[in-house]
Amino acid sequence: MLKKIATGVSVLLLATLTACGSGGSSAKDGDSGELTMGFAQVGAESGWRTANTKSIQQSAKTAGIELKFSDAQQKQENQIKAIRSYIQQKVDVIAFSPVVETGWDAVLLEAKRARIPVILTDRAVDSDDDTLYETFLGSDFVEEGEKAGEWLVQNTEGPVNVVELQGTTGAAPAIDRKKGFEEKIAARPDIKIKASQSGDFTRSGGKQVMEALLRSHPDVDVVYAHNDDMGLGAIEAIKAAGKKPGKDIKIITVDAVKDGMQALADGEINYIVECNPLLGDQLMELAKKVVDGEKVPKRVVTEETTFTPEQAKKALPDRQY
Ligand code: GYE
């Protein structure tokens with residue numbers, strides 16, 4: 001047994017040495033100590049984000065990666081500033097979750113010129129130049145929207161009036177969750193999106209928008225919220241208007257964080273499409289490879305499922321976030 005372990009270790013050592021000697025394209029030369037990652041987070045807008053931040057911080061610790069972390073408070077200009085400061089500090093790798101899709105080319109070019117590899121995590125950028133980043137780790141948001149639309153097509157009859165609570169304007173998950181949903185419901189011309197507004201992925205945003213929408217569209221049958229938090233905000237507004245969430249007005253959301261799953265189990269939300277925030281371990285693994293100059297896939301898609309109320313009841317006791 002001992003011998004086996006010893007052999008395993010030497011094979012590992014050899015692999016590491018070979019990787020270091022192969023001379024990657026990054027700024028890191030050899031193994032001069034701990035790897036440093038600059039991470040520019042979106043903000044703290046939702047339960048999903050909180051779980052994502054925790055996952056990244058914990059995984060960095062476990063992987064022995066020094067993490068420089070910044071919270072952009074949902075503002076692109078803050079993220080750009082953070083990325084510039086990471087370039088100045090000569091971190092080994094930059095990872096970030098872009099608040100919005102467009103407007104990144106200039107700062108990403110600066111990172112490229114400084115030979116600091118960039119990893120996109122959670123959200124994508126919209127750029128013609130895919131050499132500006134090494135890889136993109138995260139969910140397929142179009143597929144999430146499709147799953148939400150598919151449930152609606154399968155589980156409703158007759159004319160259905162939908163109001164949509166969109167995520168942050170210009171953000172990949174807002175654009176793609178809308179797109180996938182619309183594509184699926186196109187099969188049912190009697191399902192109509194009566195209104196579609198941004199609640200900025202926050203609970204208070206969802207509540208505010210829903211209050212207004214209940215006044216302008218009192219005939220609403222279904223709320224499609226791009227995340228749990230906005231759906232939870234909508235629940236408050238619906239209750240305040242004297243209606244029953246989950247019954248008078250059906251609710252579909254995306255994420256499956258604990259609070260959302262609890263509302264689903266309680267019958268106040270009808271269906272949740274999962275979006276997994278626990279990206280930390282995969283991100284650290286990719287970061288190490290990228291810094292070592294190893295090849296990584298350009299796209300790593302997160303695996304996800306969906307939840308009905310019964311499935312939520314079963315999953316809740318073990319839900320980590
Ligand atoms: O669904 C939402 C968060 O980008 C996937 O951002 C993420 C989204 C998530 O605010 O809750």
Side-chain angles (χ1 to χ4, degrees), residues 39-56 71-76 78-79 95-102 104 119-126 136-148 164-181 197-210 223-235 251-264 269 271-280 282-283 299-307 319-321:
F39 188 91
Q41 182 60 291
V42 168
E45 74 282 5
S46 64
W48 189 99
R49 190 65 54 198
T50 309
N52 180 246
T53 292
K54 259 194 210 146
S55 163
I56 286 158
D71 171 339
Q73 300 184 326
Q74 298 233 69
K75 292 203 178 72
Q76 181 173 34
N78 291 345
Q79 270 193 318
F96 81 116
S97 173
V99 180
V100 291
E101 272 191 345
T102 54
W104 298 102
I119 299 177
L120 302 178
T121 159
D122 157 31
R123 297 184 183 177
V125 298
D126 181 4
F136 166 37
L137 161 69
S139 311
D140 183 336
F141 299 134
V142 175
E143 199 183 317
E144 290 172 353
E146 286 172 356
K147 288 177 184 168
E164 181 179 29
L165 302 181
Q166 285 189 49
T168 304
T169 308
I175 295 167
D176 292 352
R177 286 173 186 165
K178 179 171 186 53
K179 187 171 169 238
F181 183 76
Q197 271 184 44
S198 172
D200 220 11
F201 279 131
T202 65
R203 212 173 277 210
S204 59
K207 183 173 180 224
Q208 246 179 22
V209 171
M210 195 62 208
V223 173
Y224 168 43
H226 288 186
N227 77 344
D228 288 346
D229 282 85
M230 291 190 296
L232 292 164
I235 288 176
I251 304 179
I252 310 167
T253 64
V254 185
D255 274 358
V257 295
K258 232 185 196 147
D259 289 356
M261 292 285 269
Q262 188 60 58
L264 180 60
I269 291 179
Y271 192 61
I272 301 186
V273 176
E274 185 185 39
C275 180
N276 187 358
L278 306 180
L279 304 177
Q282 273 173 298
L283 174 62
R299 176 79 171 100
V300 182
V301 185
T302 321
E303 280 196 26
E304 291 157 349
T305 182
T306 56
F307 293 98
R319 205 74 182 157
Q320 290 176 50
Y321 53 91

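Every number for a ligand or one of its atoms is a count from 1 in the order of the listing. Just so it is clear, the values below take in all heavy atoms, side chains as well, and ignore hydrogens, waters and symmetry mates. The first residue of the sequence shown is numbered 1, and numbering continues consecutively from there.
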### Task
Number the atoms of ligand 1 from 1 as they appear, then name those within less than 4.0 Å of a heavy atom of Asn227, with their elements.
2 (C), 11 (O)
### Message
Only heavy atoms of Phe141, strictly under 4.0 Å: list the atoms of ligand 1 that pass.
### Response
5 (C)
### Among Asn52, Thr121, Asp71, the one residue meeting side chain to side chain donor-acceptor pair (under 3.5 Å) with Gln41
Asn52
### Top protein contact for atom 10 (O) of ligand 1, by heavy-atom distance
Glu45 OE2, 2.5 Å
### Message
Angle between ring planes, His226 versus Phe201, binned at 30° and 60°: parallel, tilted or perpendicular?
### Response
tilted
### Query
Around atom NZ of Lys258, are there more than 12 heavy atoms of other residues, nucleotides or ligands at under 6.0 Å?
yes
### Query
Does Val254 reach ligand 1, in the sense of a heavy atom lying below 4.0 Å from it?
no
### Query
For ligand 1, which atoms sit closer than 4.0 Å to a heavy atom of Asp255?
1 (O), 2 (C), 9 (C), 11 (O)
## Note on the structure
ligand 1 to Arg49, heavy atom cutoff 4.0 Å, flagged ligand atoms 3 (C), 4 (O), 6 (O), 7 (C), 8 (C)
### Task
Ignoring hydrogens and angles, tell me if any N or O in the side chain of Trp48 forms a donor-acceptor pair with the backbone of Cys275 under 3.5 Å.
yes
### Query
Does Asp229 have a heavy atom less than 4.0 Å from any atom of ligand 1?
no
### Task
Report, in ascending order of atom number, the atoms of ligand 1 lying under 4.0 Å from any heavy atom of Cys275.
5 (C)
### Task
May I ask whether Gln74 places a heavy atom under 4.0 Å from ligand 1?
no
### Task
May I ask you to decide if Arg203's main-chain N or O and Gln208's side chain share a donor-acceptor pair within less than 3.5 Å?
no
### Message
Could you check whether any side-chain N or O of Asp228 sits under 3.5 Å from a backbone N or O of Val257, counting only pairs where one atom can act as donor and the other as acceptor?
### Response
yes
### Query
Counting only N and O atoms by type, is there a donor-acceptor contact under 3.5 Å from the side chain of Asp200 to the main-chain atoms of Thr202?
no
### Query
Can you list the ligand 1 atoms lying under 4.0 Å from a non-hydrogen atom of Ser46?
2 (C), 3 (C), 10 (O), 11 (O)
### Query
Is Lys178 atom NZ crowded by more than 12 heavy atoms from other residues, nucleotides or ligands, each under 6.0 Å away?
yes
### Query
How far is atom 5 (C) of ligand 1 from its nearest protein heavy atom, and which residue and atom name does that atom have?
Asp122 OD1, 3.2 Å
### Task
Show which atoms of ligand 1 fall inside a sub-4.0 Å distance from at least one heavy-atom site of Pro173.
4 (O)
### Message
I need the atoms of ligand 1 closer than 4.0 Å to a non-hydrogen atom of Phe201, numbered in the order shown.
### Response
2 (C), 10 (O)
### Query
Is the ring centre of Phe39 less than 6.0 Å from the ring centre of Phe96?
no
